[in-house]
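Residue numbers count from 1 along this sequence.
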Amino acid sequence: MVLSASMDRFLANEQALRAQYFEERGVFPRAGAFWLTASGRTADAAALRDAAALCAAVDSRFDGMSAQVRPLLAAACAGEEPEPLLLRTGGAYRALREAFPPSPQLIPPALLLARRCPDEADFDETVRRVKALFDALGSAHPVLTGFEDLGACALLALSGQDMEAAAKAEADTEAMLKPAHLSGNALQTLALMACLAQDAEAFCAAVPVCLGCRLPPYGAGALAACGGDTAALAQKADAIAQSLKKEPAFGLLSMPGSERRLWACLLTALDAHPAAPAPFAENVLAAAFFSFVGSNTTDDLAGLLP
């Protein structure tokens, strides 16, 4: 029996990203590996090397802040025409920078906008919608709302929903998630994911089942949107996590168990959506991925000082 149709490709992509970014010890080579896997691609060493060199060359388009997220950018560009995508991503970053302070945390949602907006002329209006939702969340939860929420906010803005209605729906889904006993930003993030789910009530009912299986919140959200037997999906995610633990790059000494379980959940959710040319076709899976990436992107304060 095949444990996961995506896991072997994910491991091959992670090895390729790690070979290119051997000095990077953060989550971003793994994030780039998942991007490639979700896109149905296996890393080509030459294409990845060329994309990495180009990403380093255009750092000025991102205020000199792209270093930590560069493995993700390179993975997104590898195998495509990298220059047009990077130019679009830079344009989306500048549109976001008009609404938010300069930050490397703007780059992942900029990449999302570059891939999802039909035309660069749509950037400003999409960013206006993102800012409206982000500000509404900040008014309700001033301490909890942070740039890690920008990915989910961008996905909601791109979904065509009314932002005022989305902010109200987020508050309603928070109430539905009370049985999950969540707190802090995790509650808000999962409430945003529920707003993207096809059935918010079913999503909110499934989340406690996943959390009860010791799955991390973002991963629980990705599985809760899959439908079907949630407990069986959670068991599969646990089995994938146990298999990943045997890999040197995912073992006990290489990363926290919560991150390993997160990748297992995302791979399980990806297997449940085999037709998705993701991480964009299934919005809750994309929200889980971008929320995790956002939560691991840090500001270089030295780069912000005059």
Side-chain angles (χ1 to χ4, degrees), residues 1-10 30 34 37-38 148-149 151-152 155-156 159 161 166 169-245 250 256-293 295:
M1 183 181 72
V2 176
L3 181 60
S4 168
S6 302
M7 187 173 70
D8 288 346
R9 176 174 282 168
F10 175 64
R30 297 186 283 275
F34 181 79
T37 303
E148 65 268 25
D149 298 308
L155 285 160
L156 278 162
S159 72
Q161 296 187 40
E170 188 276 336
D172 293 341
T173 53
E174 279 194 21
M176 286 193 286
L177 283 166
K178 280 186 178 179
H181 302 294
L182 289 158
S183 61
N185 184 260
L187 174 60
Q188 179 169 279
T189 301
L190 282 168
L192 290 169
M193 290 185 196
C195 296
L196 289 161
Q198 291 183 347
D199 187 335
E201 290 189 15
F203 175 93
C204 292
V207 165
V209 176
C210 298
L211 293 175
C213 296
R214 296 178 56 251
L215 299 178
Y218 300 150
L223 293 186
C226 291
D229 188 338
T230 304
L233 286 171
Q235 289 177 356
K236 180 180 178 181
D238 182 67
I240 292 174
Q242 294 302 318
S243 183
L244 286 175
K245 189 190 296 185
F250 292 83
S258 59
E259 187 194 335
R260 184 167 50 251
R261 290 191 293 273
L262 180 281
W263 294 122
C265 289
L266 295 187
L267 290 170
T268 302
L270 185 60
D271 288 340
H273 298 279
F280 307 107
E282 207 293 305
N283 277 340
V284 180
L285 174 58
F289 174 76
F290 277 97
S291 297
F292 174 71
V293 167
S295 69

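- The side chain to side chain donor-acceptor pair (under 3.5 Å) contacts involving residues 188-209 comprise Thr145-Gln188, Asp149-Gln188, Asp149-Thr189, Asn185-Thr189, where partners must be two or more places apart or lie in separate chains.
- When all heavy atoms are compared, the tightest approach of Leu285 to Ala269 is CD1-CB, 4.0 Å.
- Counting only heavy atoms from C-beta outward, the side chains of Phe203 and Met176 never approach each other to under 4.5 Å.
- Atoms CG and CZ, from Leu267 and Phe34 in turn, are 6.0 Å apart once rounded to the nearest 0.5 Å.
- Not counting sequence neighbours, Arg260 has no partner by the salt bridge (charged side-chain N to carboxylate O under 4.0 Å, His left out) test.
- Using a 4.5 Å heavy-atom cutoff, the side chains of Cys195 and Leu156 are in contact.
- In this structure, Gly151 and Phe290 approach most closely via the heavy-atom pair CA-CB, 4.0 Å.
- For the pair Tyr218 and Met193, the minimum side-chain heavy-atom distance is below 4.5 Å.
- Closest non-hydrogen pair, Leu223 versus Ala234, comes out as CD1-CA, 4.0 Å.
- Residues in residues 172-184 take part in these salt bridge (charged side-chain N to carboxylate O under 4.0 Å, His left out) pairs, two or more places apart or across chains: Lys168-Asp172.
- Between Leu187 and Leu182 the shortest heavy-atom distance is CB-CB, 4.0 Å.
- Here the CG-CZ distance, from Leu244 to Phe10, works out to 7.0 Å after rounding to the nearest 0.5 Å.
- Of all heavy-atom pairs between Gly219 and Leu262, the closest is N-CD2, 3.5 Å.
- Here the shortest heavy-atom pairing between Ala200 and Ala194 reads CB-O, 3.6 Å.
- A distance of 9.5 Å separates CG in Leu270 from CZ in Arg9, rounded to the nearest 0.5 Å.
- Note that CG of Leu190 is 9.0 Å distant from OG1 of Thr173, once rounded to the nearest 0.5 Å.
- The salt bridge (charged side-chain N to carboxylate O under 4.0 Å, His left out) search around Glu148 returns none, not counting sequence neighbours.
- Annotation: the span from Asp238 atom CG to Cys265 atom SG amounts to 9.0 Å, rounded to 0.5 Å.
- Residues passing the side-chain hydrogen bond (donor to acceptor under 3.5 Å, both in side chains) test with Ser6 are Asp271, sequence neighbours excluded.
- Every residue meeting the ring-ring contact (aromatic ring centres under 6.0 Å, His included) condition with Phe292, not counting sequence neighbours, appears here in chain and number order: Trp263.
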